[in-house]
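Values below: all heavy atoms of this structure, side chains included; hydrogens, waters and symmetry mates excluded. Chain naming here is simple, since letters A, B, ... match the order of the sequence lines and numbering starts at 1 in each.
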Amino acid sequence: MNKNSSNIMALAPNTSNKRETVCIFGTGDFGRALGQKMIQSGYPIVFGSRSPQTSNLIPKEAEVLSHTEAAQKAAIIIIAIQRQHYDFLTPLAEILRGKVLVDVSNNLKINQYPESNAEYLAQLVPGAKVVKAFNTVSAWALQSGTLDASRQVFVCGDDMEAKQMVMDIVRALGLTPLDQGSLLAAQEIENYPLQLFPMWKFPIFLSLGLTAFFFFYCLIRDVIYSYVYENKDYSFFIAISIPNRICPVVALILLALVYLPGVLAAIIQLYRGTKYSRFPDWLDKWMLCRKQLGLVALAFAFLHVFYTLIIPIRYYVRWRTEDGIISKALNNKTDPFNNTNGWLSDSYLALGILGFFFFVLLGITSLPSVSNSVNWREFRFVQSKLGYLTLILCTAHTLVYGGNRFLSPSSYRWYLPNAYMLSLIIPFIVLILKFVLIFPCLDRQLTQIRQGWERNPQYSE
Amino acid sequence: MNKNSSNIMALAPNTSNKRETVCIFGTGDFGRALGQKMIQSGYPIVFGSRSPQTSNLIPKEAEVLSHTEAAQKAAIIIIAIQRQHYDFLTPLAEILRGKVLVDVSNNLKINQYPESNAEYLAQLVPGAKVVKAFNTVSAWALQSGTLDASRQVFVCGDDMEAKQMVMDIVRALGLTPLDQGSLLAAQEIENYPLQLFPMWKFPIFLSLGLTAFFFFYCLIRDVIYSYVYENKDYSFFIAISIPNRICPVVALILLALVYLPGVLAAIIQLYRGTKYSRFPDWLDKWMLCRKQLGLVALAFAFLHVFYTLIIPIRYYVRWRTEDGIISKALNNKTDPFNNTNGWLSDSYLALGILGFFFFVLLGITSLPSVSNSVNWREFRFVQSKLGYLTLILCTAHTLVYGGNRFLSPSSYRWYLPNAYMLSLIIPFIVLILKFVLIFPCLDRQLTQIRQGWERNPQYSE
Amino acid sequence: MNKNSSNIMALAPNTSNKRETVCIFGTGDFGRALGQKMIQSGYPIVFGSRSPQTSNLIPKEAEVLSHTEAAQKAAIIIIAIQRQHYDFLTPLAEILRGKVLVDVSNNLKINQYPESNAEYLAQLVPGAKVVKAFNTVSAWALQSGTLDASRQVFVCGDDMEAKQMVMDIVRALGLTPLDQGSLLAAQEIENYPLQLFPMWKFPIFLSLGLTAFFFFYCLIRDVIYSYVYENKDYSFFIAISIPNRICPVVALILLALVYLPGVLAAIIQLYRGTKYSRFPDWLDKWMLCRKQLGLVALAFAFLHVFYTLIIPIRYYVRWRTEDGIISKALNNKTDPFNNTNGWLSDSYLALGILGFFFFVLLGITSLPSVSNSVNWREFRFVQSKLGYLTLILCTAHTLVYGGNRFLSPSSYRWYLPNAYMLSLIIPFIVLILKFVLIFPCLDRQLTQIRQGWERNPQYSE
Ligand SMILES: Cc1cc2nc3c(=O)[nH]c(=O)nc-3n(C[C@H](O)[C@H](O)[C@H](O)COP(=O)(O)OP(=O)(O)OC[C@H]3O[C@@H](n4cnc5c(N)ncnc54)[C@H](O)[C@@H]3O)c2cc1C
Ligand SMILES: Cc1cc2nc3c(=O)[nH]c(=O)nc-3n(C[C@H](O)[C@H](O)[C@H](O)COP(=O)(O)OP(=O)(O)OC[C@H]3O[C@@H](n4cnc5c(N)ncnc54)[C@H](O)[C@@H]3O)c2cc1C
Ligand SMILES: Cc1cc2nc3c(=O)[nH]c(=O)nc-3n(C[C@H](O)[C@H](O)[C@H](O)COP(=O)(O)OP(=O)(O)OC[C@H]3O[C@@H](n4cnc5c(N)ncnc54)[C@H](O)[C@@H]3O)c2cc1C
């Protein structure tokens, strides 16, 4: 119904109970798009323009006047002009006194100017009430009605009433206003549309780094070693065999890194005896990107699952199976069934499937609409309890997969252990630390600290 | 918490600060259900009825009076009566003057009457302020508290204040009001509950058409041909082998059709030198259903993945493998490992897995709650950049799957090429056109045009 | 943007148009966290404390006074104190007269006290307007800005205006207020944060019970029987083979149990000739947890799919295949291809894949953000029509899987039929009853009843 809802909007006829006139300075792309949309929602619009000759791009229902004339007709003026041209407003200061000026501008770079555009505007026209809004909305989205990305309009400003007026307009356009506080917030609001997944940067770079490392690691162990010692060309391992070693390893490491900061935080809190002193900066940042870390881990686990499932379809695997069977048949030799191998093989697969199941469950509960409909106890039950269960299952999956190969010297080529052995280090650390932390004596103290208790309460003088 | 939230609602005791009385005309199913719900939210309710004998279906807390008496007790009157009976309101016109009339009616067919029910009501009772609302809510949902489908209530009307009063009631009932503008919007609002996935019609019919075509195409090539020339009965291919040819082919074609309109739009914009003249109607419609096209493509890709993964479990495949191995063993003949085949087989599988991964990512970001929490830059990065990456990966997957079979004459049965060859045509067109469009000279001009620049700006006289 | 939005919040400078002062009683963890957050949103805060010496944990911007002094400074007082200490408010009754008291407290157990904390507060301070709010928000979430779980704040109270004031604060903090009616709702609101998936309890316990039953059932048939009669150790079947028998069986039974209550409800309605008498309690509860039942069924289906897909990778399966081929090769004996088996094997796989596809579709449409963007007709089309299609496909999948084994005596070990045979009973009952109910004569009457028609309408005297 997203698409439709904007189409349903009908032009308002002349009703007795009209909305208030709104003035838009600037007849550029964004000004026109916003004007068009506001007209559809029943607002009389007047454009203020340097050259008030009516372009046929401007909606017919709108008036186009000089800046001065237009400003006099409305209590709210939307400044749809680039920051560089704001100085033309200085001579208009008298007319703009007491009016609500809405700054909709964006910059080209993050933190391009020392102060935000909205604060600059407030300095230029000190008598006006400046409100920042609409900068996250795209002109094209307004025109085409395809508002699939964010319908949230961040609003900030120092004047409560002015902000309220702007938020009413936002709501009337079918968008969701979000009050972000005073005009100081404008800087962050102006940076927002320039961001490209800022919280995802660290998890993605980390996972790419790990991927690169393990790629070369496995290349050396599996391809180059075989080439050097056995003179066999296994270069085609690059397509599936090696990715299917990298993916589970990176997924497990990332999953452990999701739960490591929580353990470190607990240790720091226990050591300091209070929860009120700030964590070191790196820990704070790490804790804030755990969701993203977890979802990247899930992506790698997803790839691992599908890489594994297509194994029997691979030409190489089919050839090897066939070859093995034929040579056994020719040698008239059959292996007896090995019960231990039956157990090992089935257990590591079962553990993997269960681990993946809970992994997906964690992913589903992190969808905004799902996490929004559970309470805190439920959210923490899934994310913390089931999260640790996932970590345990995935670690056990890797351990059992290794089986009795850990000690076999053939696993160490050029003294390099198998990649999956390396991947077990961090999960083990996390699980051991967590195991220590749930000892009653430590757990009780931690709970107290998190409820606000302090070992050495400090009062200021 | 959805379920609960309606149960939490408690009956309002007699408080000093009561809500305003609301009158409901009509004691049918919907009127009663709405009345019950409003009583729970603290509104005193009075029903207006032809025969004001209290049925025990009517909530005890409500009064039942004649229409005239009931109307006098409230400023808001909800007309829960079918359109055919609206004429009984004409004699009441004087009493209804200045009141807010809420039209909640629906029709049985889309565009059943020339004007909407709400507009018809406004004509019948010209002195009243008519507001359309509540028609998307189901009586059963109100009664049973299972409000899983839309909690959105579309509201429209010519009088701002009346609309505001109705929207306050909507909010008090725990539903979400959406202002749709003037009463002209009523027609679309009345059509809405009668719609069954209107945006999905074209993508679904298109995909069914393609499915039918490729079904017969493959039937001829794979079943009938074998039957005619080799006298073998492969009819059981209908269950899996043929669907697993159709699904990838349809998925790839639909995916390409998602990105074709964007390319065509760019060409039209470049040719016209402006973004302000409307696209032809078919292109407009096509562009608006790209999301649905993409999701249908994802469904076919999903089926393809699972049809492929169960290949080794099929009795036919197991029999064929076994048969092949035994005959080789008996003939004492083994194939040497073919490195090229190893590469080809592993690459097309790897490309397919990566393509599916990004496909699923596109699908996840199109969930409303996810797309709502990313900004425009991020949404377009995923949908446009990663979307093209998906198209490239899936096209390459198909190409490599074909491998060196393209030129082999055995692929052409009855001069019909393999289905996957046909599926490559549209993706190739899209990718070549896109490749041309990202040449700097064209790209720069296109960017300017999309920012509002015009090659031949036109001013009206 | 969740994370960011709380960071964007900037401190409000001294503006002419300030928000109203709010008083907080209690300087504990929650009081401080809430105070900090409100200061960030521009509210002047004054704390009321027994010992008004400023702790350095209290935000610097806030004043700390005695209870009496603090209460006089504000119209709204947030009581961030535990219920046991509420009696200190009795002497303050005069000062609190007419003020808005916000009860934010929670209990440790569900229904711990006969009346809710908020009602108790209202009894203690009869002159004040008590509003319940904020109890679902966690102090830690407020502090750390990680508001991933519910941002919904349930608000209730007897005074409309007081409730409105509190809801304005909630909105200003970036949270979503939900009006739950009068103060009677406080009991349920106080229970809410203590709940752990209440609607999920029955489905999960039911599925665990079924799992346990079928585990022992299969253990007897598949492991113990073989051990007793064939002296073979199949204990490793516990890891995959038995779970992969349990999962499909439980999934199918749960899926049928989703659609059984609807059929029973229809029969009851037809029998009674009205929809207005209440269903028996067990049926009501059952119908309310159908969504959860369905999703648990989907979880089991998901596990079944992955348990099945890894079959060819299992050591046991590979060994058995190899062994079979070698012995055939040595005996120089090959099976001819059996066309019926080809059909059966491919059909049950195809039916399973299609069933799983629609199952997943049902799951996706039950995501809150998806179900919220479809209308009722669409939601019921998917959930009811496609739901029955899923049930039919899954039942057929199980039937065809059984194939011609139903009658073979070897399927009955110790007179116990195969588990999948048992799983077919309930689906068959549901499908047969539904088939009877769609007969035109019954269907017509049912439709009338659901539109509010009654066979024996009853009027109260
Ligand atoms: C697939 C996947 C998806 C994920 N999605 C999400 C998501 O959507 N949202 C999300 O946040 N995480 C998500 N995560 C990350 C992770 O599951 C959560 O962060 C999880 O809550 C961490 O649990 P924990 O027990 O380690 O940490 P926590 O329980 O958060 O504890 C760690 C630290 O937090 C502090 N703390 C916690 N509770 C309190 C309290 N009551 N009072 C004071 N301090 C407290 C303490 O400093 C403590 O030491 C996801 C992970 C995965 C794998
Ligand atoms: C699984 C899947 C899920 C999908 N989900 C969604 C979804 O949820 N929502 C959705 O919309 N699509 C969805 N799609 C479809 C598709 O990914 C998007 O429509 C995508 O944005 C198309 O990219 P594009 O580069 O071809 O088109 P666009 O980048 O949209 O460009 C095409 C045309 O749009 C116009 N245009 C674009 N930007 C501007 C601008 N700034 N100014 C002026 N004109 C402009 C121009 O006319 C341009 O020629 C989905 C696809 C798949 C496969
Ligand atoms: C994976 C999965 C996910 C699911 N997700 C959801 C979900 O998100 N939400 C959900 O609700 N269910 C969900 N379900 C459960 C199920 O699909 C629905 O409850 C479905 O609507 C049941 O259909 P039905 O035809 O049996 O019942 P219904 O059509 O609901 O009919 C059953 C009874 O409801 C009453 N009734 C229905 N319509 C009316 C009416 N118009 N007037 C009067 N009485 C009426 C009657 O008493 C009728 O006998 C899910 C199931 C699965 C398998």
Which one wins on heavy-atom pair count under 4.5 Å against chain C: [options]?
options                                : result
A/Ile364, A/Asn338, A/Asn191           : A/Asn338
A/Ile326, A/Leu349, A/Val317, A/Val360 : A/Leu349
A/Leu361, A/Thr308, A/Leu367, A/Leu309 : A/Leu309
A/Leu351, A/Leu354, A/Ile325           : A/Ile325
A/Ala186, A/Pro312, A/Gly342           : A/Gly342

Interface check, chain A: of C/Ser369, C/Gly28, C/Ala33, most non-hydrogen pairs under 4.5 Å belong to C/Ser369

Pick from C/Asn244, C/Ile238, C/Asp233, C/Thr176 with the largest number of heavy-atom pairs that fall under 4.5 Å of chain A: C/Asp233

If you take the centroid of each ring, where Trp contributes its six-membered ring, are A/Phe357 and C/Phe306 closer together than 6.0 Å? no

Is it the case that the ring center of A/Phe359 lies less than 6.0 angstrom away from the ring center of A/Phe302? no

Side chain, backbone, both or neither: which part of [X] has a non-hydrogen atom closer than 4.5 Å to chain C?
X        : result
A/Val155 : neither
A/Lys129 : neither
A/Val305 : side chain
A/Thr274 : neither

Examine whether an atom of [X] lies under 4.5 Å from a heavy atom of chain A, and if so say whether it belongs to the side chain, the backbone or both; otherwise answer neither.
X        : value
C/Ala299 : both
C/Phe197 : both
C/Ser327 : neither
C/Leu196 : both

Residues 321-331 of chain C vs salt bridge (charged side-chain N to carboxylate O under 4.0 Å, His left out), sequence neighbours excluded, gives A/Lys328-C/Glu322, B/Glu322-C/Lys328, C/Lys328-C/Asp335

Taking C/Asp29 first and then A/Lys275, would you say they form a salt bridge - that is, a charged N and a carboxylate O separated by under 4.0 Å? yes

For C/Thr365, give me all partners under side chain to side chain donor-acceptor pair (under 3.5 Å), at least two apart in sequence or on another chain. C/Gln383

Look at the aromatic rings of C/Phe236 and A/Phe337 and report parallel, tilted or perpendicular, splitting at 30° and 60°. tilted

Check the angle between the aromatic planes of C/Tyr234 and C/Phe237 and answer parallel, tilted or perpendicular using the 30° and 60° thresholds. parallel

